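Note that the structure is predicted; figures quoted are calculated from it, not measured.
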Amino acid sequence: MYRKIIDAHIHLDMYADTERLQILNGLEQTSAESLIAVSTNLASSLRQLEFAQMDSRIKPAIGYHPEQLLPSEREIEGIMQLIDANRDVLVAVGEVGLPYYLRQDEPEMDVGPYVVLLERFMQKAVACDLPIVLHAVYQDAELVCDLLESYDITKAHFHWFKGDDAVLERMLRNGYVLSVTPDVTYEQEIQHIVKQTPLSQLMVETDGPWPFKGQFAKKMTHPSMMHQSLYTIAHIKGISLEKTYHQIYETTRNFYRL
């Protein structure tokens, strides 16, 4: 039997119904105690809340994923009202952030309106006393750190972070937490980040249904993959598997107040 784990970031609504049922039916066998189910838009947010009502192991977060066109003001208002109405069942505001990959395809894109939207989500997180789940990689992470500092936000989770040592050091100094996906088992860039990050500021996630390579190639992304991530983290840090599981589980549980 595996030790307990928590998937710190999964897009449950993006799985086919049969796949989602397969994941939920196998959670106990996987030793996954909870799934932090993040949202991508208003419709996605409503679905996460529905799932959470049906299964208490699903812990919903509401937000608007930045790697897409900006939402209408009506959609933004709908999301904000949903956060207010459900603040007691939510574990976070998220997934929110800045559109790094979208800008690679459209270099002329104005990031300004995305920054404004992110600030609105930060203000909402502060008002509702909720952690914030961030999509902010490479140079975007620095700007996001500026914003977090300006709103005195300490409960920030950078999911699947990628970036240089200087911004990572700043994030860690501020007490933010990071999570890594199953690509930690084969990506040197992610292994380097794990090496620099204290175990007490690390979590594991799947970002499912995002697919992975290596030993996970052509497999449906599943919370069970996080066990391989934990073995890799223990090996990188030269820490016992027992301590690695325990600390990462406690960090995630405390951060999301589970």
Rounded to the nearest 0.5 Å, what's the gap from CD on E95 to CD1 on I62? Could you check? 14.0 Å
Minimum side-chain heavy-atom gap T221-F216 below 4.5 Å: no
Looking only at heavy atoms, which two atoms of Y176 and Q201 are closest? And how far apart? O-NE2, 2.9 Å
Gap separating the OH atom of Y245 from the CD1 atom of I5, nearest 0.5 angstrom: 6.5 Å
Using the benzene-type ring in the case of Trp, are the ring centres of Y100 and Y138 under 6.0 Å apart? yes
Under 4.5 Å between side-chain heavy atoms, chaining through other members, with only Ile, Leu, Val, Met, Phe, Trp and Tyr counted: pull out the rest of the cluster around V91, sorted by chain and number. I6, I36, V38, V133, V177, M203, Y249, F255, Y256, L258
Output, in order, the C-alpha distance, side-chain angles, deciding distance and verdict of salt bridge (charged side-chain N to carboxylate O under 4.0 Å, His left out) for R170 and E149. CA-CA 11 Å; R170 180 182 179 186; E149 287 168 10; 2.9 Å; yes
Apply side chain to side chain contact (heavy atoms under 4.5 Å, CB included) to residues I23 and T30 and explain how you reach the verdict. CA-CA 9 Å; I23 287 170; T30 305; over 6 Å; no
Check L168 against L178 and note the closest heavy-atom contact, atom names and distance. CD1-CD2, 3.4 Å
Would you mind writing out the side-chain donor-acceptor pairs for residues 77-87 within the sub-3.5 Å range, not counting sequence neighbours?
residue : atom : partner : partner atom : Å
E77     : OE2  : R120    : NH2          : 3.1
D84     : OD1  : K124    : NZ           : 3.0
D84     : OD2  : K124    : NZ           : 2.9
N86     : ND2  : L82     : O            : 2.8
R87     : NH2  : A127    : O            : 3.1

Distance-minimising heavy-atom pair for A92 and L130: N-CD2, 4.2 Å
Taking it one step at a time, do D140 and R103 satisfy salt bridge (charged side-chain N to carboxylate O under 4.0 Å, His left out)? CA-CA 11 Å; D140 286 350; R103 295 207 313 282; 2.8 Å; yes
Determine yes or no for a side-chain-to-main-chain donor-acceptor pair under 3.5 angstrom, with Q191 supplying the side chain and T232 the backbone. no
Side chains of Y151 and E119, donor plus acceptor under 3.5 Å: yes
Tell me whether the count of non-hydrogen atoms from other residues, nucleotides or ligands lying under 6.0 Å of CE in M220 goes above 12. yes
Verify, without hydrogens or angle tests, whether T251 (side chain) and I248 (backbone) share a donor-acceptor contact under 3.5 angstrom. no
Show the nearest heavy-atom pair for residues P66 and P99, with the distance to one decimal. O-CB, 3.2 Å
So how far is it from I10 CD1 to D207 CG, rounded to the nearest 0.5 Å? 9.0 Å
My understanding is that only one of H11, H65, H157 makes a ring-ring contact (aromatic ring centres under 6.0 Å, His included) with H135; could you say which? H65
Can you tell me how far the OG atom of S229 sits from the CD atom of E205, to the nearest 0.5 Å? 9.0 Å
Check: E67 side chain, L102 main-chain N or O, donor-acceptor pair, under 3.5 Å: yes
Should the heavy atoms of other residues, nucleotides or ligands under 6.0 Å from CD of Q104 be counted, would the total exceed 12? yes
Please step through ring-ring contact (aromatic ring centres under 6.0 Å, His included) for the pair F212 and W160, ending with a clear verdict. CA-CA 13 Å; F212 293 96; W160 204 347; 5.5 Å; yes
With a 6.0 Å cut-off on the ring centroids, do Y15 and W210 count as close? no
Do other residues, nucleotides or ligands put more than 12 heavy atoms under 6.0 Å from the CD atom of E169? no
Under a plain distance cut-off of 3.5 Å, with no hydrogens placed, do Q22 and T18 share a side-chain donor-acceptor pair? no
Does this structure show an ion pair linking R47 with E50, if we count only N-O contacts that are shorter than 4.0 Å? no
If we ignore angles and hydrogens, is there a donor and acceptor under 3.5 Å between the side chains of N41 and E75? no
How long is the span from the OH atom in Y64 to the CD1 atom in I76, to the nearest 0.5 Å? 8.5 Å
Taking every heavy atom of L24 against every heavy atom of R57, the minimum-distance pair comes out as O-NH2, 3.0 Å
For V194, does its backbone N or O pair with a side-chain atom of K237 as donor and acceptor, under 3.5 Å? yes
Please determine whether the number of non-hydrogen atoms from other residues, nucleotides or ligands lying under 6.0 Å from atom CD of E187 exceeds 12. yes
Nearest 0.5 angstrom please: D152 CG to M122 CE, how far? 12.0 Å
Looking at D13 and R20, is any side-chain nitrogen of the basic one under 4.0 Å from a carboxylate oxygen of the acidic one? no
Which atom names give the shortest non-hydrogen contact between P223 and L35, and what distance separates them? CG-CD2, 4.0 Å
